[in-house]
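Worksheet: the structure to be examined is printed underneath.
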Amino acid sequence: MPGQGFQRVRILKALPGLDDANVWQRALDGLGSGDAPSKLLKRSLNVEVVRATLDVGRGPEDLVIKTEPAETLSDRLRVRLGSSRLHRHWENAQWLHRREAFPTAECLALLGSRSLGKVWQITLVARGVPGRSLLQVLADAAVPVRTQHRVAEAVARQTKAMFDAGLVNRDHKPSNLIVSDGEQPTVTLIDVVGIYSRSTPSDEARLHLGLMLEAIGTGHQPRRALIARYLRTWFGPQWTKGQRRKLWRDIEQRIIDHGDPTPKDNPLDP
């Protein structure tokens, strides 16, 4: 079974109607069984992400379960004060859903439990978003050129909508963006921990840079034609080709100044 187990589940936060700890306990107990098929999406020293079909009282649902340990005293204090990373994710997600400025994954519950090793842990459960990550799309050589351009436009629209709403994402990278299938794809942000209110001129460059660094670091930098399509969609027809080129040169310099962009955990690794 993926994960380290969930014992003595209790509710920290939950949407109305999803605040029964016994229901969550039964659902998580079944993870990895025939009744709750699951797939490990990520595992590192401090986080594990599993996608599974669970019944939390409303019939089988496609859910993503993200678990982080709270082993140290400072970790447990942050959980008690509601200031852990997953607490921030929960609060940001609820706030963004109320604003409806751009698509984000809906969070259903924030849970506390013990692992099989008796380690206190905190778990965020979100609704699964259909589609593939932007990084997976960039890595797929079989994606038609026309579709690649439609995706570049969709990413620009999502990023511009977030920026126009007065927001920036510190972790705006391809593995955190889910691209839907279809002729006119949409893009959904699934990790909202790093959302903050924009305030400086460099905030705009941060968004463009974040999209590029992970792609470059995993060996899947977009073609120049796709970058140009993204920038044209972001800025609209009022920007000249010379202005877009000047911006791209600035982004390239920021990439050079950043240093090695190779991620510690490659999201494309099985």
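As a basis for the values below, the full set of heavy atoms in this structure was taken, side chains included, without hydrogen atoms, waters or symmetry mates.
Across all non-hydrogen atoms, the minimal contact from Ala27 to Val56 is CB-CG1, 4.0 Å. Listed here is the closest heavy atom pair of Ala225 and His149: O-CE1, 3.9 Å. What you find for Ala101 and Ala165 is that their closest heavy atoms are CB-CB, 3.8 Å. Heavy atoms only, all atoms of each residue included: Val143 and Val137 are closest at CG2-O, 3.9 Å. Pro60 approaches Thr53 most closely through the heavy-atom pair CB-CG2, 3.7 Å. When all heavy atoms are compared, the tightest approach of Pro261 to Ile216 is CG-CG2, 3.9 Å.
By the 4.5 Å heavy-atom criterion applied to side chains, Gln243 and Phe235 are not counted as neighbours. Counting only heavy atoms from C-beta outward, the side chains of Leu211 and Lys173 never approach each other to under 4.5 Å. Residues Trp120 and Asp75 have side chains not in contact (no heavy-atom distance under 4.5 Å, counting atoms from C-beta outward). Counting heavy atoms from C-beta on, the side chains of His172 and Arg206 never come closer than 4.5 Å. Side-chain contact between Met212 and Pro222 is present, with at least one heavy-atom pair separated by less than 4.5 Å. Residues Arg150 and Arg229 form a side-chain contact, since some pair of their non-hydrogen atoms from C-beta on lies under 4.5 Å apart.
Comment: Glu252 does not engage Arg245 in a salt bridge, judged by the lack of any side-chain N to carboxylate O separation of less than 4.0 angstrom.
For residues 156-168, the salt bridge (Lys or Arg N to Asp or Glu O under 4.0 Å) pairs, not counting sequence neighbours, are Lys160-Asp164. Sorted by first and then second residue, the pairs that involve residues 127-137 and meet salt bridge (Lys or Arg N to Asp or Glu O under 4.0 Å), not counting sequence neighbours, are Glu61-Arg127, Glu106-Arg127, Arg132-Asp140. Applying the salt bridge (Lys or Arg N to Asp or Glu O under 4.0 Å) test to every pair with at least one member in residues 11-22, sequence neighbours left out, gives these pairs: Lys13-Glu91.
Glu100 CD to Leu96 CG: the interatomic distance, rounded to the nearest 0.5 Å, is 11.0 Å. A distance of 8.0 Å separates CG of Leu110 from OG1 of Thr123, quoted to the nearest 0.5 Å. The CG atom of Leu54 lies 6.5 Å from the CG atom of Leu28; values are rounded to the nearest 0.5 Å. A distance of 9.0 Å separates CG of Leu189 from OG1 of Thr159, quoted to the nearest 0.5 Å. How far NE2 of His208 is from CZ of Arg254: 9.5 Å, rounded to the nearest 0.5 Å. If you take OG on Ser175 and CG on Leu134, they are separated by 9.0 Å, rounding to the nearest 0.5 Å.
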Lys118/Gln7 under side-chain contact (heavy atoms from CB on, under 4.5 Å): CA gap, chis, key distance, verdict: CA-CA 8 Å; Lys118 305 301 182 184; Gln7 301 178 332; 3.5 Å; yes
Evaluate side-chain contact (heavy atoms from CB on, under 4.5 Å) for Tyr196 paired with Asp203, printing each intermediate quantity in order. CA-CA 10 Å; Tyr196 68 98; Asp203 286 335; 2.8 Å; yes
Under the criterion salt bridge (Lys or Arg N to Asp or Glu O under 4.0 Å), I'd like the reasoning laid out for Arg26 against Asp29: C-alpha separation, chi angles, the key distance, then a yes or no. CA-CA 5 Å; Arg26 287 193 296 271; Asp29 282 346; over 6 Å; no
Might you work through the side-chain contact (heavy atoms from CB on, under 4.5 Å) test for Phe6 and Leu111, ending with a clear yes or no? CA-CA 10 Å; Phe6 301 87; Leu111 311 170; over 6 Å; no
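In the hydrophobic clustering of ILVMFWY residues, with side-chain heavy atoms under 4.5 Å counting as a link, Val151 and Ile190 come out apart. Val168 and Ile195 end up in the same hydrophobic cluster when Ile, Leu, Val, Met, Phe, Trp and Tyr side chains are linked at under 4.5 Å. Hydrophobic clustering (ILVMFWY, side-chain heavy atoms < 4.5 Å, transitive): Val187 and Ile178 are in distinct clusters. In the hydrophobic cluster analysis, where Ile, Leu, Val, Met, Phe, Trp and Tyr join through side-chain heavy atoms closer than 4.5 angstrom, Leu77 is grouped apart from Ile122. There is a path of hydrophobic side-chain contacts, each under 4.5 Å, that joins Ile65 to Val79.
Listed for the Asp171 side chain is no donor-acceptor partner under 3.5 Å among the backbone atoms of Asp191. A donor-acceptor pair under 3.5 Å is formed between the side chain of Gln25 and the backbone N or O of Val9. Judged by distance alone, the side chain of Glu71 and the main-chain N or O of Val119 form no donor-acceptor pair under 3.5 Å. The backbone N or O of Thr188 sits nowhere less than 3.5 Å from a side-chain atom of Gln158 that would complete a donor-acceptor pair. Side chain of Gln121 to backbone of Gly5: a donor-acceptor contact under 3.5 angstrom is found.
Side-chain contact, Ser84 with Glu68: no donor N or O sits under 3.5 Å from an acceptor N or O.
Ile256 belongs to no hydrophobic cluster with other residues, because no ILVMFWY side-chain heavy atom falls under 4.5 Å from its own, directly or through intermediates. Residue Val49 is found in a hydrophobic cluster whose other members, listed by chain and number, are Leu41, Val47, Val64; membership requires side-chain heavy atoms under 4.5 Å apart, directly or through intermediates.
Counting non-hydrogen atoms of other residues, nucleotides and ligands closer than 6.0 Å to CZ of Arg80 gives a total of 12 or fewer.
A search for ring pair (Phe, Tyr, Trp, His ring centres under 6.0 Å) contacts involving Phe163 returns Trp234, not counting sequence neighbours.
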